Structure formats: C-alpha cells, structure tokens
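Working notes, beginning with the structure itself.
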2 protein chains.
Amino acid sequence: MSRKATIKDIAKIVGVTPATVSNVLNGNNRFSEDTKKRILAAAKQLNYTPNMFARALVKNRSYTIGLFIPASPRAFLDPYFSELLRGLTEIALEHGYVVSIIYADGLNETVRNRIDGLVLTEVKVKDEYVSFFQRANVPFVSLARGAENELEDYVVSDTRRGLEEAIKYLARLGHRRIGYALGPLAYEYVYERYSIFRDIQRKMGLICEATDVGTGENSRQGGRMAARRIMRAASEKPTAILASTDVMALGVIEYLQSIGMSVPEDVSVVGFDDAPFSRYVTPPIATVRHDIYQLGRHAASMLISKLEGRDYTKPIILPVKFIVRGSISSPR
Amino acid sequence: MSRKATIKDIAKIVGVTPATVSNVLNGNNRFSEDTKKRILAAAKQLNYTPNMFARALVKNRSYTIGLFIPASPRAFLDPYFSELLRGLTEIALEHGYVVSIIYADGLNETVRNRIDGLVLTEVKVKDEYVSFFQRANVPFVSLARGAENELEDYVVSDTRRGLEEAIKYLARLGHRRIGYALGPLAYEYVYERYSIFRDIQRKMGLICEATDVGTGENSRQGGRMAARRIMRAASEKPTAILASTDVMALGVIEYLQSIGMSVPEDVSVVGFDDAPFSRYVTPPIATVRHDIYQLGRHAASMLISKLEGRDYTKPIILPVKFIVRGSISSPR
DNA sequence: TTGTATGCGTTATCAT
DNA sequence: ATGATAACGCATACAA
C-alpha cells in the first residue's frame with residue numbers, strides 16, 4: 001500500500017498550492033467553481049483523508065471526547081455504562097469525534113492533552129474530580145447536577161417526576177407508610193433520589209419515620225441489608241419499600257421472601273432505573289424507567305456544542321416513566 | 001492558565017537546543033550527566049508534558065487503540081463488554097495508550113487514521129470485518145480464533161477444557177443423553193462451543209441425537225425457544241441440557257419450569273460464561289467461568305507489543321473453570 | 001481568485 | 001557531547 005495522499009499531492013495534480021487545497025476542502029467559498037471542482041475531484045480520486053494529527057497540532061484540538069470513569073471497578077460493571085457509551089459514541093461519530101475511555105487512574109497530563117472535553121459520570125455529591133476539572137479548565141458535561149459544585153452543563157433524568165408518579169401510585173393504592181432502601185449517599189444520584197423522596201413524602205402528608213429508612217451498598221446484598229434494617233426497626237412496618245436502584249430492590253425482595261413475607265401482598269417494592277433484569281424476576285419489579293442511551297446522546301451533543309462554541313440549551317432534563325409491575329399492590 | 005510548556009521552553013532555560021532536550025527526554029544516554037540533570041529539572045519545574053499531536057505527526061502513531069464494536073446495539077448491552085473494556089483500558093494506560101470505541105458504522109478512513117490498531121470482538125465465523133482489516137493492513141488482535149480467517153494473533157478462553165470438565169461432571173453424575181440449546185451459529189464463539197461439545201460427546205461415547213439440539217437467539221427468550229424445541233422433539237428426552245450462554249440457560253430453566261418440570265431433578269442445566277446473575281437465580285446455574293477482564297488485559301498487551309514491534313507469545317489461551325451449582329444433579 | 005510564508009511541537013539526520 | 005536543520009501535514013494571515 002502506497003503512502004497516504006496529502007493536500008500536497010492534490011495540489012500537484014490540480015496545479016495549485018496546498019493552501020488553496022486546504023481552503024477549498026475546508027469549505028472556503030471564495031474560489032472559482034472550476035478549481036473547486038477539480039480539487040474535489042482530485043481529492044476523491046486520491047482517496048484523500050485529512051491527517052488528524054497535523055490538524056490537531058495546528059488547531060490544538062484532538063476531536064476526541066473522553067468518558068471519564070472514576071477508579072472503581074464497579075463503574076464498568078453497570079449496564080448503565082454500556083448504554084451510555086452507545087449514546088455517546090453515536091453522536092460523537094456524527095460530528096467527527098471519537099470517544100475515549102478515561103480511567104480515573106490515568107488522568108495525568110499526558111492523557112488530558114489528548115482529549116478536548118469530558119463526560120462525567122458517577123458523580124459524587126461533593127466531587128473532587130469535578131472541582132479539579134473546573135479549576136483546570138477542562139470543558140466537561142456532567143451526568144448529574146453536581147450538588148456542591150453548582151454546575152450548569154449537565155443532562156439528567158427527571159427524577160422528581162418519576163418519583164412523584166411512583167409515590168402517588170402507591171398512595172392511590174392505599175399505602176401511607178413507605179420505607180426506603182438507601183444506597184451510598186456520597187453518590188449524587190443516590191442523594192438526589194432520596195432527598196426528593198423525602199420531600200414528596202412530606203408534601204403528600206405521608207408517614208415519615210426515620211426507622212423506615214435502611215442503608216446498604218448499591219447491590220443485591222446491600223438491598224438485603226437495607227430491608228433487614230427496615231423490617232427489624234419498628235414494630236409498625238411500612239407497607240411498601242422504595243429502593244435507590246433496581247439492584248437494591250431485588251435484594252429487598254429477596255430478603256422479604258427469605259423471612260416468609262410475600263411481595264407484593266405483604267410489602268410492595270419499587271425500584272429505580274428499569275434495569276434489564278427487572279421485568280424478569282419474580283415478581284417483576286415496578287420501577288422508574290429512564291433512558292440512559294438518550295442521556296448519552298444529549299451529553300455528547302452538549303459537550304460538542306460547547307467545544308465548538310455553539311449555543312446549546314442547558315441543562316437538559318429527560319423524561320422518565322413509572323413502570324407498573326407485579327411487585328406492587330394494595331396493602332393488606 | 002498560561003501556555004503549556006514545550007521543549008523549546010526547557011531548551012531556553014537550560015541553555016541548550018530543543019534537539020538536546022528531546023533526546024534527553026527520550027532516554028538517549030549520550031549526554032553529560034550535568035545537562036541531563038538540568039533538563040530533567042527544568043522539565044519538572046515547567047510541568048512539561050509532551051504534545052501528543054506533534055509526536056503523532058512526526059512518528060505517524062496515535063498511541064490509541066480501538067475497541068471495535070460491530071454495529072449491533074446488543075454488543076453494547078453485554079456485561080461482557082464492560083469487563084473487557086476495563087481490562088483493555090488498564091493495560092493501555094500502563095503503556096501510555098488510550099482506548100477509543102470504534103463503532104462499526106463509523107469505520108471510515110477518518111476514524112481509522114486515528115488509531116494504531118484494533119481489538120476485535122463479537123467475531124463471526126466468516127467475518128467480513130476481519131477480512132477487511134486484513135486486506136487494509138490494520139494491525140489487530142482478535143478475541144476469537146477467526147475460524148475462516150486463519151488468525152494467529154488472538155486471545156481466547158480455553159473452551160474445550162471447560163466443556164470437558166462440564167460434560168465429564170455430568171457423565172459422572174450418570175447423564176448419558178445431553179441436549180444443547182444453541183445460539184446463532186454465525187458467531188464464532190457459539191459455533192466453537194457447539195462443535196467442541198459435539199466432539200466431546202462423540203469421543204466420550206454419549207448419546208448423539210440431532211433432535212436433542214434446539215436453536216434460538218442468544219437471549220432468555222431464545223433459550224426458552226430452544227428448550228421447547230428440544231423437549232418437544234423426541235419421545236426420549238435428554239436428562240441434561242447445555243446452553244451456549246448463561247442467558248440462554250436461564251431461558252431453558254424458565255421453559256422447563258413453565259411446563260412443570262423441575263431443575264435439576266427432572267433435567268440438569270449447564271450454561272457458559274458465569275454471568276453475574278447466574279449465581280442468584282433459582283436454581284443457581286452451573287456454568288463454565290472465563291475471565292473477560294483478563295481477556296481484555298491480554299488482548300491489549302498483545303496488540304501493543306505488536307504495534308511496537310516487540311515479540312509476544314501467540315495465541316494466548318486463558319484457563320477456565322467449571323462451576324458446580326444447583327442446576328445440576330444426577331438424573332432421576 | 002490564488003499564492004507565499006510561517007508556525008504548530010516534536011523527532012531524526014547529519015554536522016560539528 | 002551537542003547543535004543546526006529539515007521534515008511531518010495542515011491551517012491561516014497576508015500579499016499579490
């Protein structure tokens with residue numbers, strides 16, 4: 001295979017200078033139709049594609065966006081992650097960008113030099129990475145509001161709306177006392193979901209007992225722990241339990257079943273995320289569905305607009321939907 | 001924030017030329033200890049990091065490897081994918097590389113110019129992409145043997161070993177007739193698992209009936225279909241069923257239970273992959289575990305060696321392990 | 001409408 | 001042991 005064609009080659013064929021070729025190829029319109037046509041033809045004939053390194057060098061832009069992953073191995077395991085990446089990649093592609101995975105451990109200058117901007121995920125309530133990127137002037141878009149960091153450029157799901165639908169539904173079924181299986185509060189999405197839950201609970205005049213909240217890791221095991229704490233705390237038990245995530249909801253159901261209670265007859269359970277497995281387990285988990293793939297698409301789109309100095313609406317809040325499934329019913 | 005430091009800046013401070021700085025920084029040893037020391041000091045002081053674009057331009061290398069994803073949205077959904085990416089990213093990082101996601105749709109020249117090599121996944125038995133990369137001289141490492149493409153640079157799991165363990169275990173329990181829930185044969189891993197299964201079955205003198213094989217998509221639903229076909233075909237039924245993947249095994253179990261059979265008492269079921277859910281479902285699925293994360297690490301390592309002209313052992317075949325769980329027992 | 005000149009930051013070759 | 005210089009491919013300000 002011969003050497004890749006450059007603008008010089010085109011210039012030679014057409015009989016103009018490289019500068020002219022560059023200009024025409026970049027859509028500069030102040031040239032004669034004739035030369036334009038000939039340059040374009042030659043480019044096609046030589047199968048010309050620009051050398052991105054050269055372009056990057058002179059423009060100081062890499063046309064690469066990074067998906068920033070905090071160092072936890074868990075980040076990768078989430079199905080969330082794959083969906084997100086799909087959305088990001090698709091949009092990036094449409095704009096001539098490529099997406100790289102930036103593992104937190106690897107966030108040295110060398111890596112940073114190679115990306116134009118970042119999409120941040122798994123954001124903490126008080127996130128050191130966010131602060132770092134702000135100080136370092138790295139353009140980024142966050143997938144969380146960035147509670148303590150006061151962000152503007154973010155795209156999130158309409159958590160409040162989803163929880164309102166869910167809780168109202170439960171209330172209509174007759175539930176007055178709703179427990180909560182709570183994940184690690186350091187994560188912003190966990191914090192946000194929980195505080196919104198509390199807010200709605202209060203506004204709707206439902207029973208609010210501190211003992212109805214149990215904490216655990218964001219895992220099946222964590223869900224079991226949380227449920228155990230809830231069910232052992234007070235003598236009066238909640239008739240329904242909301243969980244931070246579907247994964248935890250699964251653990252909650254397992255625990256309840258393990259102590260001989262049935263879901264939803266004894267206790268209704270509601271998750272959040274609509275994870276792939278949620279519809280298959282027994283009973284299927286009622287949950288708040290949000291669209292991670294769309295989240296990814298919007299995040300990429302916003303970031304690229306930002307990088308290219310175009311206007312963009314911000315923040316973006318995407319619709320969610322409460323999915324009714326077999327894990328809820330009226331209380332006994 | 002001021003301009004980034006370059007070798008010129010260092011040169012100016014130290015009082016040498018950029019060439020010397022470059023040489024020293026690249027470990028060229030033919031310089032006096034004194035100047036070396038001073039250059040290194042200045043570099044640190046200025047917080048110098050090389051400009052990757054400039055380097056890429058002159059070396060014609062991007063220090064980026066791509067994870068190539070065929071166009072199916074499914075590719076992203078697999079938990080497989082996240083694990084793989086984690087392994088890839090970690091090793092890439094150690095060698096100063098970055099990994100980009102290359103979505104098949106986006107595989108135009110522009111994108112191709114930006115990566116030094118690819119890791120190929122979801123390879124088909126007769127894979128057009130593989131042929132394309134071969135012709136186009138794109139360096140790559142495959143996560144499959146590349147049946148029809150005769151590859152050398154690949155890293156895979158020791159499927160034969162795993163299946164041998166599994167089938168011998170079943171045989172020891174007394175199973176003589178083992179069915180197979182088969183996924184889409186176009187995918188090489190499906191094809192390989194199946195043909196090895198057949199081979200072992202024959203060598204061990206077990207019963208081989210064409211009707212004991214049912215096909216379906218690689219999904220829960222597909223597993224149900226496959227199981228249905230198997231159980232409806234012959235009058236004499238297999239006492240155990242192997243599935244192409246854990247996901248299908250799950251479907252198989254569901255189907256069996258739906259027609260009133262119990263697993264493992266009536267039929268034993270064995271999967272492949274050791275997916276995250278496999279240990280949690282009822283009954284937990286016996287399966288062949290392989291380490292996707294390690295697969296990723298080795299693939300990245302092999303690709304980078306290849307790119308840098310170093311020697312490397314090939315192919316690499318990683319150990320697997322048969323995991324005994326509740327979905328198997330002696331036949332009635 | 002087109003060309004000239006210059007620079008982006010680095011590496012490599014060949015002198016000195 | 002160190003330096004001068006060219007080259008990598010492209011973009012751009014300015015000149016013609």
Side-chain angles (χ1 to χ4, degrees), chain A residues 2-40 42-43 46-64 96 109-114 116 308-309, chain B residues 2-40 42-43 46-64 96 109-114 116 308-309:
Chain A
S2 55
R3 201 179 105 276
K4 283 209 55 196
T6 74
I7 49 174
K8 271 187 196 163
D9 302 321
I10 299 178
K12 201 168 296 173
I13 289 191
V14 179
V16 293
T17 64
T20 306
V21 175
S22 173
N23 275 317
V24 169
L25 259 29
N26 287 312
N28 200 324
N29 249 341
R30 51 178 193 161
F31 292 89
S32 74
E33 283 305 318
D34 180 53
T35 43
K36 276 201 288 191
K37 201 167 294 173
R38 284 163 59 218
I39 287 174
L40 261 18
L46 293 182
N47 194 19
Y48 169 81
T49 57
N51 180 318
M52 294 306 281
F53 309 146
R55 179 176 290 175
L57 180 58
V58 60
K59 305 249 277 190
N60 203 31
R61 295 275 319 280
S62 64
Y63 299 93
T64 299
E109 282 299 307
T110 319
V111 169
R112 229 194 73 201
N113 288 335
R114 302 169 63 167
D116 293 337
E308 304 192 336
Chain B
S2 56
R3 199 178 107 277
K4 283 209 53 194
T6 73
I7 48 173
K8 273 186 195 166
D9 301 322
I10 298 178
K12 202 168 296 174
I13 290 190
V14 179
V16 293
T17 65
T20 306
V21 175
S22 173
N23 275 317
V24 168
L25 258 29
N26 287 312
N28 199 325
N29 250 340
R30 53 180 190 156
F31 293 88
S32 73
E33 283 305 318
D34 180 54
T35 43
K36 277 202 285 192
K37 201 167 292 172
R38 282 163 59 218
I39 286 175
L40 261 18
L46 292 182
N47 193 18
Y48 168 80
T49 58
N51 180 318
M52 294 308 280
F53 309 147
R55 179 176 289 174
L57 180 58
V58 60
K59 305 250 273 191
N60 203 31
R61 296 277 317 279
S62 64
Y63 298 93
T64 299
E109 282 298 306
T110 319
V111 168
R112 229 193 71 199
N113 288 336
R114 303 169 64 168
D116 293 338
E308 304 191 338

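Just so we're on the same page: letters track the sequence lines, and every chain starts at 1. Only a predicted model underlies this, so the values are computations on that prediction, with no experimental measurement involved. Basis for what follows: all heavy atoms, side chains included, without hydrogens, waters or symmetry-related copies.
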**Whole angstrom value for the distance that separates C1' of C/dG9 from CZ of B/Arg61** = 18 Å

**Contact under 4.0 Å: B/Thr35 side-chain N or O vs D/dT2 OP1/OP2** = yes

**Request:** State whether A/Ser22 places a side-chain N or O below 4.0 Å from either non-bridging phosphate oxygen (OP1 or OP2) of D/dT12.
**Result:** no

**Complete:** Hits for side-chain hydrogen bond (donor to acceptor under 3.5 Å, both in side chains) against B/Asn26, two or more places apart or cross-chain, chain-then-number order -> B/Ser22

**Item:** Pairing residues for B/Thr20 by the side-chain contact (heavy atoms from CB on, under 4.5 Å) criterion, not counting sequence neighbours
**Value:** B/Val16, B/Thr17, B/Val24, B/Phe31, B/Ile39

**Request:** Can you tell me the distance, in whole Å, between the CD1 atom of B/Ile7 and the P atom of C/dT11?
**Result:** 6 Å

**Request:** For nucleotides 3-8 of chain C, just jot down a letter per nucleotide in 5' to 3' order: B, S or -, based on protein non-hydrogen atoms under 4.0 Å.
**Result:** SB--BB

**Item:** Nearest-Å distance for atom pair CZ/C1', residues A/Phe53 and D/dA7
**Value:** 16 Å

**Prompt:** For the pair made of NZ in A/Lys12 and P in D/dC10, what is the distance, rounded to whole Å?
**Reply:** 13 Å

**Request:** Over all heavy atoms of both residues, which pair between B/Ala11 and B/Pro18 is shortest? Give the atoms and the distance, please.
**Result:** CB-N, 3.6 Å

**Item:** By side-chain hydrogen bond (donor to acceptor under 3.5 Å, both in side chains) - contacts of B/Asn51 (at least two apart)
**Value:** none

**Message:** Taking 4.0 Å as the cut-off, does a side-chain nitrogen or oxygen of A/Ser32 come that near to OP1 or OP2 on C/dT2?
**Reply:** yes

**Contact check, side chains of B/Phe53 and A/Asn60, non-hydrogen atoms, under 4.5 Å** = yes

**Request:** Can you sort out the partners of A/Tyr63 under ring pair (Phe, Tyr, Trp, His ring centres under 6.0 Å), two or more places apart, ordered by chain and number?
**Result:** A/Tyr97

**Message:** By the 4.0 Å heavy-atom rule, please label B/Asn60 as base, sugar-phosphate, or nothing.
**Reply:** nothing

**Prompt:** In whole angstroms, how far is the P atom of C/dT10 from the CD1 atom of B/Ile39?
**Reply:** 13 Å

**A/Lys59, nearest nucleotide to its side chain (from D/dT12, D/dC10, C/dT11)** = D/dT12

**Message:** Does D/dG9 have its OP1 or OP2 closer than 4.0 Å to a side-chain nitrogen or oxygen of A/Arg55?
**Reply:** no

**Request:** Tell me whether the OP1 or OP2 atom of C/dT10 has a side-chain N or O from B/Tyr63 closer than 4.0 Å.
**Result:** no

**Prompt:** Can you tell me if B/Arg114 and A/Thr64 form a side-chain donor-acceptor pair at under 3.5 Å?
**Reply:** yes

**Request:** Go through the structure and list residues passing salt bridge (charged side-chain N to carboxylate O under 4.0 Å, His left out) with A/Arg55, not counting sequence neighbours.
**Result:** none

**Message:** Distance check needed: C/dT10 C1' versus B/Asn26 CG, whole Å only.
**Reply:** 9 Å

**Request:** Using five pairs at either end of the helix from C/dT1-D/dA16 to C/dT16-D/dA1, determine the angle between the two local helix axes and round it to 10 degrees.
**Result:** 40°

**side-chain contact (heavy atoms from CB on, under 4.5 Å) partners of B/Asp34, counting only residues at least two apart** = B/Ser32, B/Arg38

